[in-house]
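Chain letters run A, B, ... following the sequence lines, proteins first, then strands; residues in each count from 1.
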2 protein chains.
Amino acid sequence: MKGRAKRAKEASDVLRELGYRLTPQRMLILAAVQASDSHISAEEIYSQVRAQYPHVNISTVYRTLDLLKGLSLVTETDLGEGRVRYHYADKGHHHHLVCERCGAIIEVDEDLFLPLKRTLLKDYHFQANIRHFAIFGRCAKCPR
Amino acid sequence: MKGRAKRAKEASDVLRELGYRLTPQRMLILAAVQASDSHISAEEIYSQVRAQYPHVNISTVYRTLDLLKGLSLVTETDLGEGRVRYHYADKGHHHHLVCERCGAIIEVDEDLFLPLKRTLLKDYHFQANIRHFAIFGRCAKCPR
DNA sequence: GTTGCGCCTGCAAGCTATTGCGATAACCTC
DNA sequence: GAGGTTATCGCAATAGCTTGCAGGCGCAAC
């Protein structure tokens with residue numbers, strides 16, 4: 001998969017250029033997030049990485065995800081499952097509508113938040129960092 | 001404090017009318033949330049309640065907060081401190097802008113989200129339940 | 001290839017929050 | 001006021017995530 005390999009290279013270049021070390025743990029964690037087509041949990045990343053590198057510790061997974069998150073290489077979403085999920089951030093960001101009744105998850109484009117972002121900047125001089133958002137409520141199939 | 005006593009009565013009426021039992025634990029937890037002028041954490045509620053009723057368990061606090069949350073009597077906010085905070089829900093809902101650099105917390109009115117709510121309802125038929133929201137970013141005093 | 005600095009990791013303890021289960025007590029009926 | 005039903009509670013175990021610390025390893029300089 002060419003696109004994936006290219007993305008991986010770019011991401012590790014970002015790390016190297018910023019002076020971060022390219023450890024096997026970091027590469028594997030990054031690869032796991034990139035290989036996941038949807039949103040992946042820390043535990044899932046952990047077991048994938050451990051398949052190739054049994055000594056890794058779960059805390060390393062969390063620390064690396066934190067690092068990647070800070071560099072905007074991955075985004076984090078809380079869909080209200082009691083665990084956070086991660087997503088590689090090369091595609092356009094998107095948000096989630098989570099139905100409180102049936103659990104359905106609807107992805108919506110980030111453009112939806114542009115008016116809100118503009119208002120916050122204009123009225124509050126607040127530069128909102130809206131990457132991944134989960135909005136809870138009731139979906140079309142679950143009437144009130 | 002008349003207003004507070006009145007609110008407490010109303011809240012316990014809601015519980016009773018819905019068939020929930022009015023236990024001293026619940027009353028004390030409710031009172032603690034109501035007595036807090038700002039947002040209160042589960043641990044703070046726990047120690048306040050325990051001062052009057054030493055046998056209470058922290059799990060009861062969480063379970064009660066969950067119940068009250070479901071009944072829209074309290075709202076829950078995650079301000080990114082690693083612990084969730086609670087707030088009595090009789091006043092108009094509001095949201096928070098949290099500065100990722102200096103930690104400042106700015107309260108904003110819920111009206112700000114009305115356009116977004118309308119869009120979600122119109123385009124996705126999704127009835128968003130936006131009570132308490134935290135938006136992270138950079139405040140006016142922390143330039144980029 | 002070797003050396004050395006210090007970033008990074010593994011380990012273990014700790015924190016917030018949740019859950020299963022048996023015991024208790026709130027509420028209804030009489 | 002007494003008794004029965006069952007919602008609720010306390011306890012302890014557990015899950016998800018974080019943190020302090022000591023030792024290991026990536027990387028650059030030689």
Are [X] and [Y] packed together at the side-chain level, in the sense that at least one heavy-atom pair is separated by less than 4.5 angstrom?
X	Y	value
A:Glu76	A:Arg85	no
A:Ile29	A:Arg26	no
B:Leu97	A:Tyr124	yes
B:Arg16	B:Arg21	no
A:Leu15	A:Leu67	yes
B:Val56	B:Leu28	no
A:Ile106	A:Val98	no

Pick the nucleotide of DNA chain C nearest each of B:Lys69 and B:Tyr20; which residue has the one closer to the 5' end?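 Result: B:Lys69.
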Is any NZ, NE, NH1 or NH2 atom of the basic residue among B:Asp66 and B:Arg63 found under 4.0 Å from an Asp or Glu carboxylate oxygen of the other?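 Answer for the salt bridge query: no.
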Using a cut-off of 4.0 Å on non-hydrogen atoms, how would the nucleic acid contact of [X] be classed: base, sugar-phosphate, or nothing?
X	answer
B:Leu22	sugar-phosphate
B:Arg26	sugar-phosphate
B:Arg21	base

Nucleic acid contacts of residues 38-57 of chain A, taken as heavy-atom distances under 4.0 Å to DNA chain C: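 Within residues 38-57 of chain A, the residues near DNA chain C are A:His55, A:Val56, A:Asn57.
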Using whole Å, what does the distance between atom [atom2] of nucleotide [N] and atom [atom1] of [X] come to?
X	N	atom1	atom2	value
A:Asp78	D:dG16	CG	P	13 Å
B:Leu67	D:dA7	CG	P	13 Å
B:Tyr62	D:dG10	OH	C1'	16 Å
A:Ile58	D:dG16	CD1	P	9 Å
B:Met27	D:dC9	CE	P	12 Å
B:Leu28	D:dT8	CG	C1'	15 Å

Does anyone know the first and last nucleotide of DNA chain C in reach of chain B, 5' to 3', at under 4.0 angstrom to a heavy atom?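 First-to-last contact on DNA chain C, by the 4.0 Å heavy-atom rule, is C:dT16 to C:dC27.
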A:Cys102 and A:Lys141: side-chain contact (heavy atoms from CB on, under 4.5 Å), yes or no, with the steps? CA-CA 9 Å; A:Cys102 72; A:Lys141 290 176 195 152; 5.7 Å; no
Taking only the side-chain nitrogens and oxygens of A:Gln25, find out if one of them lies under 4.0 Å from OP1 or OP2 of D:dG26.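 Negative; the distance criterion is not met.
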For residues A:Leu22 and A:Leu73: do they belong to one hydrophobic cluster (side chain heavy atoms under 4.5 Å, members Ile, Leu, Val, Met, Phe, Trp, Tyr)?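 A:Leu22 and A:Leu73: one cluster.
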Does the base of D:dG26 carry an N or O that pairs as donor and acceptor with the side chain of A:Arg16 under 3.5 Å?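 Such a pair does not exist between side chain and base.
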Please evaluate the base of D:dC9 for a donor-acceptor partner in the side chain of B:Ser59 within a cut-off of under 3.5 Å?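 Counting by modelled atom types and ignoring angles, no donor-acceptor contact under 3.5 Å is found here.
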Trace of the ring-ring contact (aromatic ring centres under 6.0 Å, His included) decision for A:His96 with A:Phe133: CA-CA 6 Å; A:His96 298 92; A:Phe133 234 133; over 10 Å; no
Criterion ring-ring contact (aromatic ring centres under 6.0 Å, His included) on B:His39 and B:His94, from CA distance to verdict: CA-CA 12 Å; B:His39 301 71; B:His94 59 272; 5.4 Å; yes
Taking five pairs at each end, how big is the angle between the two axes of the helix from C:dG1-D:dC30 to C:dC30-D:dG1, to 10°?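 Overall, the helix from C:dG1-D:dC30 to C:dC30-D:dG1 bends by 30° from one end axis to the other.
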